Amino acid sequence: AQTVTQSQPEMSVQEAETVTLSCTYDTSESDYYLFWYKQPPSRQMILVIRQEAYKQQNATENRFSVNFQKAAKSFSLKISDSQLGDAAMYFCAYRSFGNEKLTFGTGTRLTIIP
Amino acid sequence: SAVISQKPSRDICQRGTSLTIQCQVDSQVTMMFWYRQQPGQSLTLIATANQGSEATYESGFVIDKFPISRPNLTFSTLTVSNMSPEDSSIYLCSFLPGTSAGTSNEQFFGPGTRLTVL
């Protein structure tokens with residue numbers, strides 16, 4: 001079974017600075033998908049960014065980018081120019097190719113310091 | 001994108017009672033899921049709600065404790081039966097649009113139901 005590990009329970013960053021959230025995963029599969037989800041205090045989960053394992057190019061969505069290292073099974077999230085609205089729990093998640101289930105990491109609580 | 005809602009948003013229940021949580025999606029979806037998020041924890045999949053057949057439960061979750069209905073392609077319910085304080089959690093429903101199994105498609109989540117069992 002796949003496992004997803006987020007080793008940073010909490011992180012904080014100064015507003016307008018850059019922060020990187022770590023995620024590692026364990027799998028024997030070669031085809032899969034990785035996601036970062038954000039859960040603000042209001043609770044509704046929303047997708048931040050996604051990465052297909054077959055793509056070498058790192059995904060980017062505006063201020064959010066990932067560093068995907070397939071051999072190292074690492075999938076970190078970089079948030080540039082941090083904003084107060086970025087404060088939330090961030091979950092890394094894994095989905096196998098051909099499977100609908102998401103496996104979540106334990107989450108990282110991100111605090112933005114004004 | 002589709003809208004997904006849950007009712008109730010929160011409830012406080014007595015030990016030994018049951019609570020049914022409703023999940024409504026504003027478009028037809030094939031795959032719906034129920035998750036539990038214990039306080040300060042990650043999301044754990046309870047079951048996949050299948051339209052027209054029994055739900056598929058994950059290890060550690062059983063139908064007698066968490067019966068699920070899926071009468072059509074836009075609606076599902078999760079019942080938490082014979083509750084104990086250990087059932088205090090946030091329960092979230094979720095769906096994948098279309099036939100998105102094994103893809104990078106986004107999974108959408110409801111706002112959650114915060115359950116407290118006294």
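All figures in this text were calculated on a predicted structure; none of them were measured in a lab. The chains referred to below are lettered A, B, ... by the order of the sequence lines, with proteins before strands, and numbering in each begins at 1. All heavy atoms count here, side chains included; hydrogens, waters and symmetry mates do not.
- Side chain of A:Gln44 to backbone of B:Phe109: a donor-acceptor contact under 3.5 angstrom is found.
- Note: the hydrophobic cluster containing B:Met31 does not contain B:Ile68 (ILVMFWY, side chain heavy atoms under 4.5 Å, direct or indirect links).
- With hydrogens and angles ignored, the 3.5 Å screen pairs a side-chain donor or acceptor of B:Ser42 with a backbone N or O of A:Gly105.
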Problem - Chi angles and distances behind the side chain to side chain contact (heavy atoms under 4.5 Å, CB included) call for A:Leu102, B:Tyr35 - result: CA-CA 10 Å; A:Leu102 277 176; B:Tyr35 289 84; 3.9 Å; yes
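- At a threshold of 4.5 Å between side-chain heavy atoms, the hydrophobic network of Ile, Leu, Val, Met, Phe, Trp and Tyr places A:Leu110 and A:Met89 in two separate groups.
- Rounding to the nearest 0.5 angstrom, the gap separating the OG1 atom in B:Thr56 from the NZ atom in A:Lys101 is 7.5 Å.
- When heavy atoms are compared at a cutoff of 4.5 Å, B:Ser94 does not approach chain A at all.
- Contacts from residues 59-67 of chain B to chain A, taken as heavy-atom pairs separated by less than 4.5 Å, involve no residues at all.
- Summarising the local packing, CG of A:Asn62 is surrounded by 12 or fewer heavy atoms from other residues, nucleotides or ligands at distances under 6.0 Å.
- B:Leu78 and B:Phe33 are members of different hydrophobic clusters when ILVMFWY side chains are connected at heavy-atom separations under 4.5 Å.
- B:Ile90 has its side chain out of reach of A:Gln39: every pair of non-hydrogen atoms, C-beta onward, lies at least 4.5 Å apart.
- When hydrophobic clusters are built by joining Ile, Leu, Val, Met, Phe, Trp and Tyr residues whose side-chain heavy atoms come closer than 4.5 Å, directly or via intermediates, B:Met32 is not grouped with B:Ile46.
- A 4.5 Å side-chain heavy-atom check between B:Gln107 and A:Phe35 finds every atom pair outside the cut-off.
- Contact annotation: the side chain of A:Met45 approaches that of B:Leu43 to within less than 4.5 Å [non-hydrogen atoms, C-beta and beyond].
- Residue A:Tyr37 touches chain B through its side chain alone, counting heavy-atom pairs closer than 4.5 Å.
- Annotation for A:Glu15: atom CD counts as buried by contact number, over 12 foreign heavy atoms lying within 6.0 Å.
- Tracing side-chain contacts under 4.5 Å through hydrophobic residues (I, L, V, M, F, W, Y), one reaches A:Tyr94 starting from A:Val66; they form part of the same cluster.
- Contact of A:Phe91 with chain B is made through the side chain alone, with heavy-atom distances under 4.5 Å.
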